[in-house]
Chemist: 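Below is a structure I'd like to ask you about.
Chain naming here is simple, since letters A, B, ... match the order of the sequence lines and numbering starts at 1 in each.
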There are 2 protein chains.
Amino acid sequence: MVWCSRETSRLLCPIGKIKSKRQQAIADREQDLLVIAEQIMEREGFSALTMDKLVSACSYSKGTVYNHFNSKEDLFCALCIKSMKQLLHLFRRASHFEGHHRERMLAIHFAYRLHAMTRPTLFLCVLTAQTPAVREKSSAERLQQQTELDQEVTKICTSILEQAVAAGELTIATPEYVDALTFASWAISFGSNALMSGDCDSGVIERLDAEKALLFNVSLLMDGMGWLPLSREWDYQNSWQRIGSELFAAELLAISDMDKAPISQF
Amino acid sequence: MVWCSRETSRLLCPIGKIKSKRQQAIADREQDLLVIAEQIMEREGFSALTMDKLVSACSYSKGTVYNHFNSKEDLFCALCIKSMKQLLHLFRRASHFEGHHRERMLAIHFAYRLHAMTRPTLFLCVLTAQTPAVREKSSAERLQQQTELDQEVTKICTSILEQAVAAGELTIATPEYVDALTFASWAISFGSNALMSGDCDSGVIERLDAEKALLFNVSLLMDGMGWLPLSREWDYQNSWQRIGSELFAAELLAISDMDKAPISQF
DNA sequence: ACCTGAACACCGTTCAAGT
DNA sequence: ACCTGAACACCGTTCAAGT
């Protein structure tokens, strides 16, 4: 992997390769730090996350923390990467949903929404990591890893689209069309989720509304693609629920527990 | 305006009302400060914008600057508001485009893309202002003004949609459907622009690609709505160009000058 | 009623000394 | 080869004194 050339003398930790015991320990420590950072944000808000607080909340020294993240922004970038890795796992599961290919793509969008709900903090880290102030000060390695993950996510969508074409569900003018359709799918999902997470101050009713809106938006887009069966010929509301119960039952249970907790407490 | 109750003893400056000469001077100063802040970001990058730099770049004292913005994040929020006001102006112009209603909605999307290109810094301020770290520390007044502007933008879209329904271009199941369609339009535009501005390091070819992708995405969505004439019955590529030349000729000229400038200089 | 800038607390980052 | 934490520079914010 060419991009792994390290001009900075940071901790050795080749990505996606077999690690020595020492390297593994370092990687574990990094995961510890990310968990602690996430906890600070959840407890005290995003702006409360400072390097000082992270250092005093963990068992390592300032210098060691800075061996992992060469700036506060780099830490945010690392959180964004963690978020995208989780998303990728959900997407892989979604891509094997038992149904036709349009339903599988819907499962991808379901997974994205699910991630935004179950891990709101990590989801917002992705948003924050798109910010120029963060990108300017993140390490080249991590920015590269970010685009790599982006490509892997894209690959999953592309593959579903290609299968749909092969199955005759979808007709495309040229092969490059698939990339355009992937981008459109990604854009509607990102846009919907980002705009919805803006005012997520309310409770359960809002959540159901948000899901409905996403399903609606995605359905419009796929109908526009001419992806069969069209929404007037198929009950995607039902597909949506099937995806939830067959693929993500455990995660949804965790959410409803989260919803209940604050109510029973106050 | 109820929400204008000011618990903080900040500078008096009622929004959208007639201002006294003194209040006008204060409002002008605020605009000065925003221009300077924008210049700092353009010259030195987003992370270079500090309150110290803003103070030394302007002719006012630290205390005075803090009378306008009660935190650095509040300053970002103010820049976001400025950005949205400019957007609103462009949208109003777009909404009067000479053509059918689907073309008018397309003009809205054109205006959004145009704004992202001509004022990239301000556009990215909107993205930054969605970030929880900024929202947490912005003043209640400005956050309120932000949602007010959001609503005004929404109103323009809604009105175009309603006119399209009245003209028989578009059929909707229930009146609330209009809100859902507005949200979908907003989501595809925001999503496309946000994702595209992520890697806007390149030149002219990229720009044309970005425009093509946006037109493509929007067309898919509107086709999905069943908004007549459908993209297979009408040349929206041509509409796109007409919008540019008839509505935003001056702005487009400014962009091509910007593109040329760095080439001739280096 | 508003402006000023010194003063303060905290935060991000570095690096010489240690193991 | 990596860890440590004192030290430093800078940044955000406040507020008593001034007009």
Chemist: If every non-hydrogen atom of A:Y60 is compared with every non-hydrogen atom of A:D32, which pair is closest and at what distance?
Modeler: OH-OD2, 3.6 Å

Chemist: Given atom CG of B:L33 and atom C1' of C:dC3, what is their separation to the nearest angstrom?
Modeler: 14 Å

Chemist: Between A:N67 and D:dC3, is there a contact of a side-chain N or O with OP1 or OP2 at under 4.0 Å?
Modeler: yes

Chemist: Rounded off to whole Å, could you give me the NE2-to-C1' distance for the A:H68 and C:dT14 pair?
Modeler: 17 Å

Chemist: Do A:S139 and A:N70 have side-chain N/O donor and acceptor atoms under 3.5 Å apart?
Modeler: no

Chemist: Give the rounded distance in Å between these two atoms: CG of B:D52 and P of C:dG5.
Modeler: 14 Å

Chemist: Which nucleotide wins on minimum distance to the side chain of B:R22, given the candidates C:dC2, C:dC3, C:dT14?
Modeler: C:dC2

Chemist: What is the pairing partner of C:dA1, taking Watson-Crick or G-U wobble pairs with both distances under 3.5 Å in any strand?
Modeler: D:dT19

Chemist: Please determine, for the side chain of B:Y66, which listed nucleotide (D:dG5, C:dC3, D:dT14) has the closest atom?
Modeler: D:dT14

Chemist: Could you tell me whether the side chain of B:T131 and the main chain of B:V134 form a donor-acceptor pair under 3.5 Å?
Modeler: no

Chemist: Side chain of B:K62, base of D:dT13: donor and acceptor closer than 3.5 Å?
Modeler: yes

Chemist: May I ask you to verify if any side-chain N or O of B:T64 is less than 4.0 angstrom from the OP1 or OP2 atom of C:dT4?
Modeler: yes

Chemist: Can you tell me the distance, in whole Å, between the CD atom of A:Q23 and the C1' atom of D:dA1?
Modeler: 13 Å

Chemist: Looking at A:M84 and A:Q146, what are the two nearest heavy atoms and their distance?
Modeler: CE-O, 3.8 Å

Chemist: May I ask which nucleotide in the shown strands pairs with C:dT13, Watson-Crick or G-U wobble, both distances under 3.5 Å?
Modeler: D:dA7

Chemist: When you check the side-chain N and O atoms of A:E38 and A:T121, is any donor under 3.5 Å from an acceptor?
Modeler: no

Chemist: So which nucleotide from D:dC11, C:dT13, D:dG5 ends up closest to the side chain of A:K137?
Modeler: C:dT13

Chemist: Distance check needed: C:dG12 P versus A:N70 CG, whole Å only.
Modeler: 14 Å

Chemist: Whole Å only: how far is the CZ atom of A:F69 from the C1' atom of C:dT14?
Modeler: 18 Å

Chemist: CG of B:L49 versus P of D:dC10: gap in Å, rounded?
Modeler: 17 Å

Chemist: Is the phosphate of C:dC3 approached by B:R29 (side-chain N or O, under 4.0 Å from OP1 or OP2)?
Modeler: yes

Chemist: Ignoring the backbone of A:S71, work out which of C:dT13, C:dG5, D:dT13 is nearest its side chain.
Modeler: C:dT13

